[in-house]
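All values reported here derive from a predicted model rather than from experimental measurement. Within every chain, numbering begins at 1; the chains are lettered A, B, ... in the order of the sequence lines, protein sequences first and strands thereafter.
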Amino acid sequence: MERLVLHIDVNNAFLSWTAVDMIKKGYKKDIREEVSVIGGHAHSRRGVVLAKSTPAKKKGIKTGETMYQALLKDKNVKSYPPNFDVYQKMSSDMFELLYKYSPDIEKFSIDECFLEFTNVKYLYKNVNDFAKLISNDIKKTLGFTVNIGIGNNKLCAKMASNFSKPDKIHTLFNDEIQNKMWPLDVSELLWIGKKTSLKLRELNINTIGDLAKADEALLRRFFKNQASKMRMHANGIDYDPVVESVSKNASIGKSITFMEDTNDLNKIFKTFEMLTDQVASKLRKEKKYACGISINLKSSYFKTYSKQRKLKNPTNNTKVILENAKELFEEVYSGEDVRLVGVTTYNFVDSLTHQLSIFESEDNIKEELTIDKTIDEIRGKFGDTIISSASVYKNKKEKK
DNA sequence: TCTGGGGTCCTAGGACCC
DNA sequence: TCTGGGGTCCTAGGACCC
């Protein structure tokens, strides 16, 4: 039986969601109809465009570019800050609505998902009407628009939803691949990014069709094990199933770009305290213990370094993660100016199996866990901002 | 172009063991 | 002190996605 898969993608998600939220709060204008973006301040180094309105797109403004560049394209562009709490709420509202139609949904990101239609298709007239039904329901109930792509697998559905925007439904069935997908530039193919498309171009492979017909042995020489997958994708072949996502993260991390590059160890360690605190807190919220910790840094010249370590005992304790992060940092750091630092935890387990080392007593561990728990409880009551950094945590401990 | 922050997955090379 | 070859596991870095 031939599969039918939908890919549902919110149009200009962050911008649409901010617009809906503003209207809900009584704002009279709809920023989707203006030249507007979601992003940081133009003078800040974090001032990049996270989302843009359709009028902004028409001015040539692109996601990912700096606010400075956006202002060059239209000096009157309006910029609004992102609000991730709002986005989280809008996202879960949307998924709740979608689950009414099918349980076979795989979240691909905060604003995108795949829906396996194959198993519910007997309930509906046809897949096109089904897509229209969903699209209209989202528009009417939630106030924003989506693009929906329909195909015989995830890859084609995803490619289809990208065809033209906003508020569109497109199909890319197996018998449409040659006409609709092969003429596209090879960089449009999912998983073919900048570096790969550059290499492909050197081999005179410029369109998806070129890749589909390319010599497999030649591809293999340059792309090793990726070669056959690339060529399969170009032919619209994809056996990846839609798997219900129970939000099983493989890693949880935080990183931040400094306002200006620094080699001030004090400042760097303070930043690690802040990042670690947020990461550990999230682990505890999800009742996870990490067996791996890694840190990464980016130099002024955009060279990245990372260092990771496995722990003997899984942990979600702020102090333990921080100490490891600092040690890892010192092992890689050579003293140059740093642009960004980050901490990531991975390899999770659900329960604690702590083997005592000779240096620590049972009491010590208990105390650490109590401190973490207290902080989490205060945050639970008063919100995350009430205790903002691990420095506070240290003071608290000293008082005891 | 002067480049955020959250992730996932792959690969080459080194360590270690037999 | 020089030396093979295979297997496994780990890590750093890179490519990709939104």
**Asked** So what does A:Thr304 hit on the nucleic acid, given a heavy-atom distance under 4.0 Å: a base, only sugar-phosphate, or nothing?
**Response** sugar-phosphate

**Message:** Could you check whether A:Gln308 and A:Tyr346, counting side-chain N and O atoms only, form a donor-acceptor pair closer than 3.5 Å?
**Reply:** yes

Show me the donor-acceptor pairs, under 3.5 Å and distance only, between side chains in residues 95-103 of chain A and residues at least two apart or in other chains.
{"unit_1": "A:Tyr101", "atom_1": "OH", "unit_2": "A:Asp137", "atom_2": "OD2", "d": "2.6"}
{"unit_1": "A:Ser102", "atom_1": "OG", "unit_2": "A:Asp104", "atom_2": "N", "d": "3.0"}

**A:Lys132 NZ: over 12 foreign heavy atoms closer than 6.0 Å** = no

**Message:** Pairs counted only when both distances fall under 3.5 Å, Watson-Crick or G-U: show me the 5' to 3' dot-bracket for DNA chain B, [ ] for pseudoknotted crossings and | for other-strand partners.
**Reply:** ....||||||||||||||

**Request:** Apply salt bridge (Lys or Arg N to Asp or Glu O under 4.0 Å) to A:Arg201 and A:Asp185, showing your working.
**Result:** CA-CA 10 Å; A:Arg201 243 173 270 287; A:Asp185 191 277; 3.1 Å; yes

**Asked** Who are the salt bridge (Lys or Arg N to Asp or Glu O under 4.0 Å) partners of A:Lys75, not counting sequence neighbours?
**Response** none

**Request:** Indicate yes or no for a side-chain donor-acceptor contact from A:Lys154 to the backbone of A:Pro241 under 3.5 Å, with no hydrogens or angles considered.
**Result:** yes

**Item:** Touch class at under 4.0 angstrom, heavy-atom based, for A:Gly47 against every strand present
**Value:** nothing

**Request:** With heavy atoms under 4.0 Å as the rule, sort A:Phe302 into base, sugar-phosphate or nothing.
**Result:** base

**Request:** Considering only heavy atoms of chain A and a distance under 4.0 Å, specify the first and last nucleotide of DNA chain B in 5' to 3' order that meet this criterion.
**Result:** B:dT1 to B:dA12

**Item:** Within 45° cone and under 6.0 Å: A:Lys29 NZ/CZ vs A:Tyr27 ring
**Value:** no

**Message:** List the residues meeting side chain to side chain donor-acceptor pair (under 3.5 Å) with A:Asn126, not counting sequence neighbours, and say none if there are none.
**Reply:** A:Asp129

**Request:** Could you tell me whether A:Glu65 contacts a base, only the sugar-phosphate backbone, or nothing, with contacts defined as non-hydrogen atoms closer than 4.0 Å?
**Result:** nothing

Tabulate below the donor-acceptor pairs under 3.5 Å that side-chain atoms of residues 81-91 of chain A make, not counting sequence neighbours, or state none.
{"unit_1": "A:Asn83", "atom_1": "OD1", "unit_2": "A:Asp85", "atom_2": "N", "d": "3.2"}
{"unit_1": "A:Asn83", "atom_1": "OD1", "unit_2": "A:Val86", "atom_2": "N", "d": "3.3"}
{"unit_1": "A:Tyr87", "atom_1": "OH", "unit_2": "A:Phe14", "atom_2": "O", "d": "3.4"}
{"unit_1": "A:Tyr87", "atom_1": "OH", "unit_2": "A:Thr18", "atom_2": "OG1", "d": "2.8"}
{"unit_1": "A:Tyr87", "atom_1": "OH", "unit_2": "A:Asn83", "atom_2": "N", "d": "3.4"}
{"unit_1": "A:Lys89", "atom_1": "NZ", "unit_2": "A:Asp93", "atom_2": "OD1", "d": "3.0"}
{"unit_1": "A:Lys89", "atom_1": "NZ", "unit_2": "A:Asp93", "atom_2": "OD2", "d": "3.0"}
{"unit_1": "A:Ser91", "atom_1": "OG", "unit_2": "A:Ile110", "atom_2": "O", "d": "2.7"}

**Message:** Categorize A:Lys229 for me: base, sugar-phosphate, or nothing, with a 4.0 angstrom heavy-atom threshold over every strand shown.
**Reply:** nothing

**Asked** Relative to the 5' end of DNA chain B, which residue comes earlier, A:Phe258 or A:Lys224, by the nucleotide with the nearest heavy atom?
**Response** A:Phe258

**Asked** When we call it a touch if two heavy atoms are under 4.0 Å apart, what does A:Thr63 touch: a base, just sugar-phosphate, or nothing?
**Response** nothing

**Message:** Base, sugar-phosphate or nothing for A:Ile252? Non-hydrogen atoms, less than 4.0 Å.
**Reply:** sugar-phosphate

**Asked** Starting at the 5' end of DNA chain B and moving along, which residue's nearest nucleotide shows up first, A:Val48 or A:Lys282?
**Response** A:Val48

